[in-house]
S.K.: 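Please find one structure pasted underneath; my questions will follow.
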There are 2 protein chains.
Amino acid sequence: MLEAKLQQAALLKRLLDSIKELVTDANFNCTEEGIHLQAMDNSHVALVAVKLDADGFKKYRCDRPIPLGVNFASLTKVLKCAKDDDIVTIKADDDGDVLNLTYEARYADRIAEYAVKLMEIDADSLDIPVTEYDARVTMPSSEFTRIARDLSLLGESVKIEVSKEGVRFSSEGEAANASILLKQTDAACQKYENYGKETKTEDDDDKEEGGSNKAKKGKVKKEDKDVDMEGDGNEDENNDDDGEFKAKSDDEGEDEKEDEEEEEEESSSKKRKKAPSKNGKPTKKAKKSEEGSPDVGVMIEMNQHVILTFSLKYLVNFSKSSTLSDTVQIMLSNDVPLLVSYTFGQGDIKYYLAPKIGEE
Amino acid sequence: MLEAKLQQAALLKRLLDSIKELVTDANFNCTEEGIHLQAMDNSHVALVAVKLDADGFKKYRCDRPIPLGVNFASLTKVLKCAKDDDIVTIKADDDGDVLNLTYEARYADRIAEYAVKLMEIDADSLDIPVTEYDARVTMPSSEFTRIARDLSLLGESVKIEVSKEGVRFSSEGEAANASILLKQTDAACQKYENYGKETKTEDDDDKEEGGSNKAKKGKVKKEDKDVDMEGDGNEDENNDDDGEFKAKSDDEGEDEKEDEEEEEEESSSKKRKKAPSKNGKPTKKAKKSEEGSPDVGVMIEMNQHVILTFSLKYLVNFSKSSTLSDTVQIMLSNDVPLLVSYTFGQGDIKYYLAPKIGEE
DNA sequence: GGAGGTCGTG
DNA sequence: CACGACCTCC
């Protein structure tokens, strides 16, 4: 028996809009921890993984694990019948072959019930190796969408290169070649300071380290970025391969700098307090001033220079999840599948895509 | 070597959006004076000419004349990758076969570089005879767009008739006939008083004459309109063929009226001073209250009654340039190609279209 | 934000 | 030949 109540139907709607093009059907695996889903795309090139935490629901009950085999086209149709701010309850019996959805209008004056037929789906649950990535790029999801779309106008694939300089997306096409360089910005580093720190194990390590090794670590990390922003080019950091994501890597080097630049630390730490970092998960799209305020820029964390090439078609597809979060994180390691991750209030959606190899 | 820096990519984007449907490719002829382009449409019926003054650029350098043969589809794709307020720099080597475009984000945290392949295009530069037109209509570009679109829904061609009464657009279609009459308004005459006076030789003449022949000339012209607006029908003015654009033509006839209507002259001249005529070139789209304020109306300058018929398809196409200017000028002479001109801060775009002859 | 039209894909 | 996705207009 599963029963889960979601405050806003919008989340489910967007989630399905995000992935229905990539995947035709998959199991919603419901456990007491929540609901998760994992599926290869139809051509078995990309993998999508969705996680909805139990405590993100208004109400959640799952007596024992149930896989709900859902056809996304069907579920999408049914979800289109919900208004964004309807309260939606999904229910399924243990032995059930249907998924029941109930939509309650905000003011309870309307109740709609739907039943979607379920299907048996072979549970080929793929183990995703928990990789420690060499580089992580955090940026506004709208900007990632834009880049993917822009470059897809010109070419088939994109080369993503992360260096101290920033992250470069480049593409070659028949009509034109393109190269987009995003430099890290102060604004981004402040905004994304703690973004996604709970979502990956490495990040937790990073956090713990920050808390234990040094009392001021939390502050220092930011400071580190501020410092690096000005005089970026100390490539020695690339040699630091402790395998953790860190803000601009290497804490050790900082310790020295810290003393020299105590003053600036103070000022920047003040700045941080003033704008106490939205701390991830802007589920609802923030009020856009004009163009979606994609101008916070990008934050880069890396301990290794990476260059990888990917199919733009998939990245464009992934970027549909920008409806779920204002922020996206891209994790890369050489010769390893890319991870594109959107984190929202109640969970996250992660896309994996193997790089193109050899000649693109 | 060409290097030109434009403060806002929007101009280029709009320019290409305007003409890409009409022309597939053409030479951007770069000289030290600026960039100009001239091309027949794909079916060799219409001609488009674009002029971008060198001093309208934030930076401009062109050592020697270069024709840059551009495929508009390619360039359009690349321009789609620019945001409206990106700073765009275009560069080309003298012998280069590529056009380099660099987009810098407002806050410099993003730099995108594109290289568009160029092509050889036979430079069949057409000499456009500098015609003195019998009639000129100045009106909000949005209104012209609307008329062209509306009539194109009903018929294939439009008959444009300029008389003292105003300008009439009429069209006959299978389902319905249409006739739109725009009368000259005070507001338009005041707003457009000096519009485009620097863009054409005839206009300068007009201006000079106004200043020399008669001290009060500037005032008189408006007054003339005020009078005509009320009691239109004095067709005798059409016989005045001094070959210059004048506000409603013939100064001589006015002299008589002036004395009779001194009072009204004064009042109208005051009005003019109060709203000292935006003086052309509203490059940036003015803040539109709701519907684009197309209600200023139309100003008509003529010294000959003209009736011409044109293909609506092309006028609809021309009117795409309304993104470039709030104002459009239409110049007509009997049996001569129509000229539709949009003037913006850094130059202008002119469309020429031969009239249909005989039965439409 | 929604609907209709066009283009590309299966 | 039909469906779905994308883009533009309303």
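This structure is a prediction, so every number in the text was calculated from the model and none was measured. First the proteins, then the strands, lettered A, B, ... as listed; each starts at 1.
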S.K.: Salt-bridge test for A:Asp17 and A:Lys320: reply yes if a basic N is under 4.0 Å from a carboxylate O, no otherwise.
M.R.: no
S.K.: If the plane angle is over 60° it's perpendicular, under 30° parallel, otherwise tilted; pick one for B:Phe318 and B:Tyr351.
M.R.: parallel
S.K.: Which distance, rounded to the nearest 0.5 Å, do you find between the CG of A:Leu324 and the CG of A:Asp348?
M.R.: 10.5 Å
S.K.: Using side-chain contact (heavy atoms from CB on, under 4.5 Å) as the criterion, list what pairs up with A:Lys83, not counting sequence neighbours.
M.R.: A:Asp85, A:Asp86, A:Arg110
S.K.: Check step by step if side-chain hydrogen bond (donor to acceptor under 3.5 Å, both in side chains) holds for B:Thr89 and B:Thr102.
M.R.: CA-CA 5 Å; B:Thr89 306; B:Thr102 305; 5.4 Å; no
S.K.: What string of B, S and - do you get for nucleotides 4-10 of chain C 5' to 3' if you count protein non-hydrogen atoms under 4.0 Å?
M.R.: -------
S.K.: If you apply the rule side-chain hydrogen bond (donor to acceptor under 3.5 Å, both in side chains), what do you find for A:Tyr114 with A:Ser74, and how did you get there?
M.R.: CA-CA 11 Å; A:Tyr114 296 82; A:Ser74 304; over 6 Å; no
S.K.: Hey, what are the protein-to-nucleotides 5-10 of chain D N/O distances that come in under 3.5 Å?
M.R.:
from, atom 1, to, atom 2, distance (Å)
D:dA5, O3', A:Glu21, OE2, 3.2
D:dC10, OP1, B:Arg149, NH1, 3.4

S.K.: Given B:Ser141 and B:Ser322, is the side-chain hydrogen bond (donor to acceptor under 3.5 Å, both in side chains) satisfied, shown in steps?
M.R.: CA-CA 5 Å; B:Ser141 57; B:Ser322 61; 4.8 Å; no
